Amino acid sequence: MIEVSGFVALYVFMLAAVAGYEVITRVPVILHTPLMSGSNFIHGIVVVGAMVSLGVAETPLEQLIGFVAVLLGAANAVGGYVVTERMLEMFKRSKKEDG
Amino acid sequence: MGLLVQLSYFLAAVLFILGLKAMSSPVTARKGVMWAGVGMVLAVVATLFHPYIEGVTNLVLIAVAIAIGGAFAWYTAKRVQMTEMPQMVAVYNGLGGGAAAGIAAVSLLKGTHGEDGTSVAAALGGDVATLALLGGVIGSVAFSGSMVAWAKLDERLKRSTLVENHQYWNIGLAALTALLAIWAFNTGFGLPILLFFAAALALGVFITVPIGGADMPVVISLFNALTGLAVGFKGYVLGNLALVIAGTVVGASGMLLTFLMAKAMNRSLANILFSGFGAAPAAG
């Protein structure tokens, strides 16, 4: 595993925060809700962390909590994607009608 | 295999950032969510080959959990009406927060199991223990808060006060949660951590109930940003940079988005969060 600790982590954290802030500064009001939904999907990456947690679980209690965490994380990712996709689908249609 | 896993995580992080960038413009938005989707699949598939995952039982449990959670979300997300989208985002966001809290619980458990009397701080290291607890409280608040937001938007929950003098209760609960976190930090696993999670969950409910239904989208966006932050902290705890980057990017962009949404409504965020504490509960 890559060692992420101390100041290296702090730098990664800072750069990621700046990147996150910068990439959406020009978002139009009409995209607020889809973007919220899209970023909701992206933090569905938590499922990967849950998978690793369950993967290293040793006691039944750890396995139970890990199982629930993976279940919730997977629902976050899948639901977030489908909902975002459906919202943006609506944009495509209205665009075509306009043109 | 470890190298391939790391490479997949790296690509996923790149795809998430580019996807988010594309999602902020109407022309490229659909492409953006697709890129992010590719990144997600890449990261999840790579994790199945993660060198840390040991034992067939755990691998089977992972597959079953993904199948159940994924199928539930797929089904509900496909069926939901367009007008009900915001509350579904709240639900999925809450589930993500719950997952982050679950990871925190497992990390805290692992830190101390089998060694009676070892404090969480000593077992995990001060920095990891702190971020595990911080991620735990943020994830729990996002979970219970999002569920209240969903209930409010879905008009299942109409009341806007739980107790008299709501603001004192909220401050008290926040202080209690912080104290319990400090207690858990300095002692081994057990009652302190259990109470800590219970207080954090209650805090999420108490914060969200007084906020009016019309303001909920902004609040959901705030919880979305908080979940992202919690995921970033979990990334540090687990030593997984993909989580750190994706979580932090969402945390920062979600925070900005929250302010933009509040601004679009001509309100300040503080006004939205604390408006329920005024003398006019009918406003909700």
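Residue numbers begin at 1 in each chain, while the letters A, B, ... track the order of the sequences. On a predicted model such as this, the values are computed, not experimentally measured, just so you know.
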Heaviest contributor of heavy-atom pairs below 4.5 Å to chain A, chosen from B/V91, B/N93, B/T76, is B/N93
So, the part of B/M255 with a heavy atom under 4.5 Å from chain A: the answer is neither
Give the C-alpha distance, both sets of side-chain angles, the deciding distance and a yes or no for side-chain contact (heavy atoms from CB on, under 4.5 Å) between A/V70 and B/I66.
-> CA-CA 6 Å; A/V70 174; B/I66 290 180; 3.6 Å; yes
If one checks every heavy atom of B/F259 against chain A at 4.5 Å, the contacting part turns out to be neither
When the 4.5 angstrom heavy-atom criterion is applied to B/I245 and chain A, the contacting part is both
Side chain proximity check, A/S39 to B/L20, heavy atoms < 4.5 angstrom = yes
Whatever's closer than 4.5 Å to a heavy atom in chain A on B/V80 counts as both
side-chain contact (heavy atoms from CB on, under 4.5 Å) for B/L61 and A/Q63? Distances and angles first, verdict last. CA-CA 8 Å; B/L61 282 176; A/Q63 282 178 325; 4.2 Å; yes
Minimal heavy-atom distance between B/V106 and A/E62, with the atoms involved, is CG2-O, 3.9 Å
How are the rings of B/F233 and A/F13 set relative to one another: parallel (under 30°), tilted (30 to 60°) or perpendicular (over 60°)? parallel
Those residues at least two apart in sequence (or on a different chain) that pass side chain to side chain donor-acceptor pair (under 3.5 Å) with B/T258 are B/S221
Quiz item: Should A/L31 and B/M23 count as side-chain neighbours, where that means a heavy-atom distance under 4.5 Å?
Solution: no
So, the part of B/A100 with a heavy atom under 4.5 Å from chain A: the answer is both
Exercise. Taking B/K78 for the side chain and A/V83 for the main chain, is one N or O donor matched with an acceptor at less than 3.5 Å?
Worked result: no
| Worked verdict on A/V48 versus B/H50 for side-chain contact (heavy atoms from CB on, under 4.5 Å) | CA-CA 10 Å; A/V48 164; B/H50 201 290; over 6 Å; no
Chain B shares the most heavy-atom pairs under 4.5 Å, among A/G73, A/A77, A/A74, with A/A74
The interface call for B/L229 against chain A, heavy-atom contacts under 4.5 Å, is side chain
Whatever's closer than 4.5 Å to a heavy atom in chain A on B/F16 counts as both
Run the side-chain contact (heavy atoms from CB on, under 4.5 Å) check on B/K21 and A/E22 step by step: do they pass?
CA-CA 9 Å; B/K21 169 88 183 155; A/E22 281 300 322; over 6 Å; no
Requested in this report: Answer yes or no: is there a donor N or O on one side and an acceptor on the other, between the side chain of B/S24 and the main chain of A/V23, under 3.5 Å?
Outcome: yes
Ion pair present between A/E58 and B/K110, side-chain N to carboxylate O less than 4.0 angstrom?
yes
Of B/G102, B/A65, B/A73, B/A252, the largest count of non-hydrogen pairs under 4.5 angstrom with chain A goes to B/A65
Residues passing the side chain to side chain contact (heavy atoms under 4.5 Å, CB included) test with B/I68, sequence neighbours excluded, are A/F67, A/L71, B/V64
Tell me if a side-chain donor or acceptor on A/N76 pairs with a main-chain N or O of B/G94 at a distance below 3.5 Å.
no
